[in-house]
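This report concerns only the one structure given below.
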Protein chains: 2
Amino acid sequence: MTPTESELAILQVLWIQGPTTVRAVNEALNTLAAQSDPPDRAIGYTTTLKLLQLMAEKGLVTRDESQRSHIYTAAAKQEKTQRSLLGRFVANTFGGSRSELVLRALGDGQATPEELAEIKDLITRLENDRTHG
Amino acid sequence: MTPTESELAILQVLWIQGPTTVRAVNEALNTLAAQSDPPDRAIGYTTTLKLLQLMAEKGLVTRDESQRSHIYTAAAKQEKTQRSLLGRFVANTFGGSRSELVLRALGDGQATPEELAEIKDLITRLENDRTHG
DNA sequence: AAATATATACGAAATGGTTCGTAGTTGCAA
DNA sequence: TTGCAACTACGAACCATTTCGTATATATTT
């Protein structure tokens, strides 16, 4: 089950903060909304609540109802969700070509020297894995 | 103006085929739908027509009405659209970190040796640009 | 010339996602 | 113990997107 854009925003909060109440998720979202440029409009508390309820039904989050304030936790690891969304995005936007995506991501002069070095190292490791593993 | 998922599927056809009639777009979409696994349901002709009409209103495509069968053309280059969608995707899914995206894209063992070599070359060129340019 | 095929236009229903108001409940403070 | 604050549940409105039926016009075939 893959999250929508709003659901993903909530998952980002849960991945960073760990198990979290509705109120804390809502406040985190609105802090981010206020910081973005131009600032996004604040989201009502019950909107966040409803989304979390729907996400629980879909299995995107689990919840602990033992306290009056329910505690929500992301059901899937961030990496797994990123992989899944990435696959879909690459299929839709780059005809399935991961390397096209990477070329586009690196090819606009935004990457720092550190990032480039890191990626080059990764590639070297991948090549060695392929050769020796 | 950024395309929706269905609109993007149509743009992919237009980028590959160049200026195209509604019917040809519809047939291309349905060929792809039939090939995908599991196969997607076929899309009606008037659905494709309507989408193209809306896309023309939004400025995503231009159309030549000089013949009875209108001819549609993608308004933006594929690369520009990919950049724009990529920016949004990186922001939503990877907290804005392009290198996180790249690490994830390369780190699942799907990339071929040729792709890896190509990307390493690209990085080397980018590093040289930074040093000497 | 009539029938058939193919085209555009467009209203409207169906779908999916987001937003919030309101009702009802529980805890806490005055 | 009364009242206020914070919580969950949930229906319903709203919005964007997708889908298609039907009306109408134009070309083509018989």
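What you see below is based on every heavy atom in this structure, not just the backbone, and it leaves out hydrogens, waters and symmetry mates. In what follows, chains are A, B, ... by sequence order, proteins preceding strands, each numbered from 1.
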Distance in angstrom units between [X] [atom1] and [N] [atom2], rounded:
| X | N | atom1 | atom2 | result |
| --- | --- | --- | --- | --- |
| B/Y72 | C/dT8 | OH | P | 6 Å |
| B/M55 | D/dT18 | CE | P | 10 Å |
| B/L54 | C/dA9 | CG | P | 12 Å |
| A/I10 | C/dT18 | CD1 | C1' | 11 Å |
| B/L49 | C/dA12 | CG | P | 18 Å |
| B/I43 | C/dA14 | CD1 | P | 20 Å |
| B/L11 | D/dT17 | CG | P | 14 Å |
| B/L52 | D/dT19 | CG | P | 13 Å |

Which residue, A/T46 or A/R68, contacts DNA chain D at a nucleotide closer to its 5' end, judged by nearest heavy atom?
-> A/R68
Would you indicate which nucleotide in D/dT18, C/dT19, D/dA9 comes nearest to any side-chain atom of A/H70?
-> D/dA9
Where the side chain of B/R63 is concerned, which of C/dA7, C/dA9, C/dG17 is the nearest nucleotide?
-> C/dA9
Hey, does the side chain of A/Y45 come within less than 4.0 Å of D/dT8's phosphate (OP1/OP2), counting only N and O?
-> yes
Determine: side-chain N/O of B/T4 to OP1/OP2 of D/dT18, distance under 4.0 Å, yes or no.
-> yes
Cation-pi check, B/R104 to B/F94: give yes when NZ or CZ is under 6.0 Å from the six-membered ring centre and within 45° of the ring axis, no otherwise.
-> no
Per side-chain contact (heavy atoms from CB on, under 4.5 Å), B/L52 is matched among B/T48, B/L49, B/L54 by B/T48
When you look at CD of A/Q67, are more than 12 heavy atoms from neighbouring residues, nucleotides or ligands closer to it than 6.0 Å?
-> no
If each of B/V22 and A/L51 is mapped to the nucleotide of DNA chain C with the nearest heavy atom, which maps nearer the 5' terminus, i.e. the 5' end?
-> B/V22
Want to settle it: does B/R23 or A/A42 sit nearer the 5' end of DNA chain C, counting the closest nucleotide to each?
-> B/R23
Under 4.0 Å between any heavy atoms, over every strand shown, what does A/T47 touch: base, sugar-phosphate, or nothing? Just pick one.
-> base
Quick one: label B/Q53 by what it contacts on the DNA or RNA (base, sugar-phosphate, nothing), any heavy atom closer than 4.0 Å.
-> base
Treat each ILVMFWY residue as a node, draw an edge where side-chain heavy atoms are under 4.5 Å apart, and state whether A/L51 and A/L85 are in one component.
-> yes
Looking only at N and O atoms, is any donor in the side chain of A/K50 or the base of C/dG17 less than 3.5 Å from an acceptor on the other one?
-> no
In chain order, what residues pass the side chain to side chain contact (heavy atoms under 4.5 Å, CB included) check against A/E115, with sequence neighbours excluded?
-> A/A111, A/T112, B/S99
